[in-house]
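Reviewing the structure listed below.
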Amino acid sequence: MDFVSGLNSQQQQAVKADFGPVLVMAGPGSGKTRVLTQRVAYLIGAMGVSSYNLMAVTFTNKAANEMKERVIRLIGEDTRGLTIGTFHAICARILRRETEHLPFTSNFVIFDSDDQISLIKSSLRELNIDEKRYRPQSVHGSISNAKNELIMPDEYPINSYRDEVVRRVYHYYQGLLLNNNALDFDDLLLWMASLLEENLSVRERYARRYEHILVDEFQDTNLAQYTLLKHLASFHKNIYVVGDTDQSIYRWRGADYRNVLRFERDFPGTQLILLEQNYRSTQVILDVAMSVINRNPQRTPKRLFTDRGKGQKVNLHVVLDDRTEAEYIINTIASLVARGQAQPGDFAVMYRTNAQSRLLEEAFLGAGLPYKLVGAQRFYGRREIKDIISYLRLIHNPVDELSLLRIISTPARGIGDKTLNALRTRAQKIGVEPGNLLIEMGRNPESAHNKAFTKRAAAVLSSFGRLLANWIDMLENHTPLGMMDRIIDDINYQPYIDDGTDEGHSRWENIMELRRLAADFQDRGLEPFLEQIALVSDQDTIEAGAKVPTLLTLHAAKGLEFPIVFIAGLNDGVLPHSRSFEDPEEMMEERRLLYVGITRAKDILYLVFSLNRSAFGYSEPVDPSRFLRDIPEDLLDGVLLKKKRDHQASIPSHPERWRVPQSEGSTPPKTKDNRYKPGMRVTHSTWGEGMVLNSKLDDSDEIVDVFFKEAGLKKVVASLAGLEIIP
DNA sequence: ATGGACAATGTTTTT
DNA sequence: CATTGTCCAT
């Protein structure tokens, strides 16, 4: 069978590479996913490797599913036994199998970020640490970093008082997780890595099983991931990794692109294969991308080329503020669609932070155009979803106190702080978990436990315990969906959530959506369902052939491509983000992030920056992104940033777009004394004619942003500049 | 015990 | 401004 047809010679070389360690360095759009897929098919179909002996690690669950399907299509046989998925999913699966060597049981739950933060908070409270001084998020961040670096609580290095605090919290937090029979995201990697590190027989078993290991997006692995890969590949040493250091954008999550260098050191005789040709973008887009990324020092220079032709120039567009930005983007999309030059599904709008999506959403809504938002207010983060999931989680793992806490009063059943405390005290006294105590009380209403409570408390607690016990009893012969329906019915959830308001209605709709998802697990049971829910990523929700524009963060855009891409908010402070300014390493990562965004575009790219941006409710002047200065002018259409003498540096062709929609109602009171208003045309003695973009009162003077036809953007002080208004 | 009203406080990116 | 936490009235 032919596994390399339609591939270029580099790609063919990559697919048919000899066994042993292989490092494929692949630029954006060079077909690396395809190479990885064909490699898997080649190993199974041509080299006779059993799929049972093969592991493929992908970046998203979606990528894993796609790869599985494509492999099946290529070799026309079942891939049962094939280990494929994200690091986290694969680790979870293996850990459940190996719990005899681990301090938790196989029905462990995976705590999501909310759960993790609440656990940190209880740790802080329990240890009498001030939450104001030590922010839960930040303490959690430190702990997470430690875990990614395989540092255990007792090894946490102390160089400051804060470190000491973190260490104590880390220790306590880890204890709480185990009490709950729970793992956080980092634990999945940490426990897996340390199991392989410490238990020789387990390591050998898996290392022997996995004859071939393939890893996508290798530049985004952290030390924990690297270590477990190393152990898994320790027997056969057939490890095949694909990556691009220029697309490393998860440093803050512990990812270390230097793993690429470490790889060549740890696996002597690594074959290095470069995939250079780009099949996605036009040459102009690639040139723009290179002009941005080439400013990063210490890179192995990489050429990006395509035979797709030059293509049209990249549009650089300036807008007055972030609201105008959203309008500009939506208008442009609408007009391209109206003129039949593009389909709605061709577009993606990308931004640095999730917060930026709001104005865009409003603009889409305002224009009555449909769109698809990736991430942000995640489906699984919604209250009603978390409620039901918590019920299921508790039934699956009654030790999960966090879930218990959440649902014991949802809906309210007369169990408040006092009763709850009594329950916990009693539980602690007899050395059993609150959840199990409840269940016991439910099963045995006359038990001695009841005497430990007031009559009322005993009644409400055992009636709730009765519910739990009933659900647990039906677990064995019911599907996840069956369980869900029963719970919803038993607790009368619909009237509770669907309160007649629009919001209540939409909450109920969400529950119906969750039912649909549960239906896919009819034959697989509750555990896989819960696990899937815990480990889905935003990117997994992106449908392939969307019929509407997609809104997503630059991070979420990795690995995707769109015919027409807008990158919004190209301002200093947003991209690069202000929190990256001091750290050169982080600035480099911001640059890579822009690089990733640019290289998502196949045909047309719009770069948009604005002159003002609302930070805290109020609009503030901001600078264009410093990265824009690195793009050669001849690749750009639209505004020019540098004040050049020549006149093409001109106002974009639709000045009316710049006019501030004369604000209905709530503008800051400053307008009272502003002489210059956005949209006014003015002249200046040296800079000639221009248009007012913004004006701000500063003490008694007025600072005016003017875009001059000849001179470009200037900030002028009204009293000194001698601006004349053209009627 | 519960839920509503106000105040304080905080903005990267995510498995 | 938008979320989250705390206080207070029911």
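First the proteins, then the strands, lettered A, B, ... as listed; each starts at 1. Hydrogens, waters and symmetry mates are skipped; everything else that's a heavy atom, side chains included, is used.
Nucleotides B/dT11 and C/dT6 are separated by 22 Å at their C1' atoms, to the nearest Å.
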Show the distances under 3.5 angstrom between N or O atoms of the protein and N or O atoms of nucleotides 2-8 of chain C.
residue: C/dA2; atom: OP1; partner: A/Arg358; partner atom: NH1; Å: 2.6
residue: C/dA2; atom: OP1; partner: A/Arg358; partner atom: NH2; Å: 2.9
residue: C/dG5; atom: OP1; partner: A/Lys121; partner atom: NZ; Å: 2.7

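The side-chain hydrogen bond (donor to acceptor under 3.5 Å, both in side chains) contacts involving residues 459-468 of chain A comprise A/Arg466-A/Asn470, where partners must be two or more places apart or lie in separate chains.
With A/Asn222 contributing its side chain and A/Gln225 its backbone, the two residues share a donor-acceptor pair below 3.5 Å.
If you measure from atom CD of A/Glu131 to atom P of B/dT9, you get 13 Å, rounded to the nearest angstrom. Between the CZ atom of A/Arg592 and the P atom of B/dT13 there is a distance of 18 Å, rounded to whole Å. When rounded to the nearest whole Å, the span between NE2 of A/His555 and P of B/dT15 equals 11 Å. As a whole-Å value, the separation of A/Asn61 CG from B/dT14 P is 15 Å. With rounding to whole Å, A/His577 atom NE2 is found 9 Å from B/dT13 atom C1'. Spacing between atom CD of A/Gln247 and atom P of B/dT14 amounts to 16 Å, rounded to whole angstrom units. Rounded to whole Å, atom P of B/dT14 lies 21 Å from atom CG of A/Asp187. Atom CZ of A/Phe59 is separated from atom C1' of B/dT15 by 8 Å (rounded to the nearest Å).
Checking the phosphate oxygens (OP1, OP2) of B/dT15, no side-chain nitrogen or oxygen of A/Thr60 falls inside 4.0 Å. The side chain of A/Asn354 contributes an N or O atom lying less than 4.0 Å from OP1 or OP2 of B/dT13. Between A/Thr553 and the phosphate of B/dT14, there is a side-chain N or O to OP1/OP2 separation shorter than 4.0 Å.
Ring planes of A/Phe104 and A/Phe108: perpendicular class, angle over 60° (limits at 30 and 60°).
At the heavy-atom level, A/Asp112 lies nowhere under 4.0 Å from the strands shown. As judged by a 4.0 angstrom heavy-atom cut-off over every strand, A/Glu586 is placed among the base-contacting residues. Heavy atoms of A/Ile249 sit nowhere under 4.0 angstrom from any nucleic acid atom.
Remark: A/Arg524 qualifies as a cation-pi partner of A/Phe521 under the 6.0 Å distance and 45° angle criteria applied to the six-membered ring.
Tested against A/Asp115, the residues A/Arg393, A/Lys121, A/Arg406 include a single salt bridge (Lys or Arg N to Asp or Glu O under 4.0 Å) partner, A/Arg393.
Residue A/Arg456 is the one, among A/Phe185 and A/Arg456, whose nearest nucleotide of DNA chain B lies closer to the 5' end (criterion: closest heavy atom). For the pair A/Glu589 and A/Ile415, both in contact range of DNA chain B, the more 5′-proximal nearest nucleotide belongs to A/Ile415.
Relative to the side chain of A/Arg579, the nucleotides B/dT14, B/dT15, B/dT11 differ in distance, and B/dT11 lies closest.
No hydrogens or angles considered: a donor-acceptor pair under 3.5 Å links the side chains of A/Asp184 and A/Tyr173.
Residues A/Val574 and A/Glu590 share a closest heavy-atom pair of O-OE1, 4.3 Å. When all heavy atoms are compared, the tightest approach of A/Ile90 to A/Val57 is CD1-CG2, 4.1 Å.
For A/Trp252 and B/dT13, the ring-to-base geometry satisfies the stacking test (centroid distance below 5.5 Å, interplanar angle below 30°).
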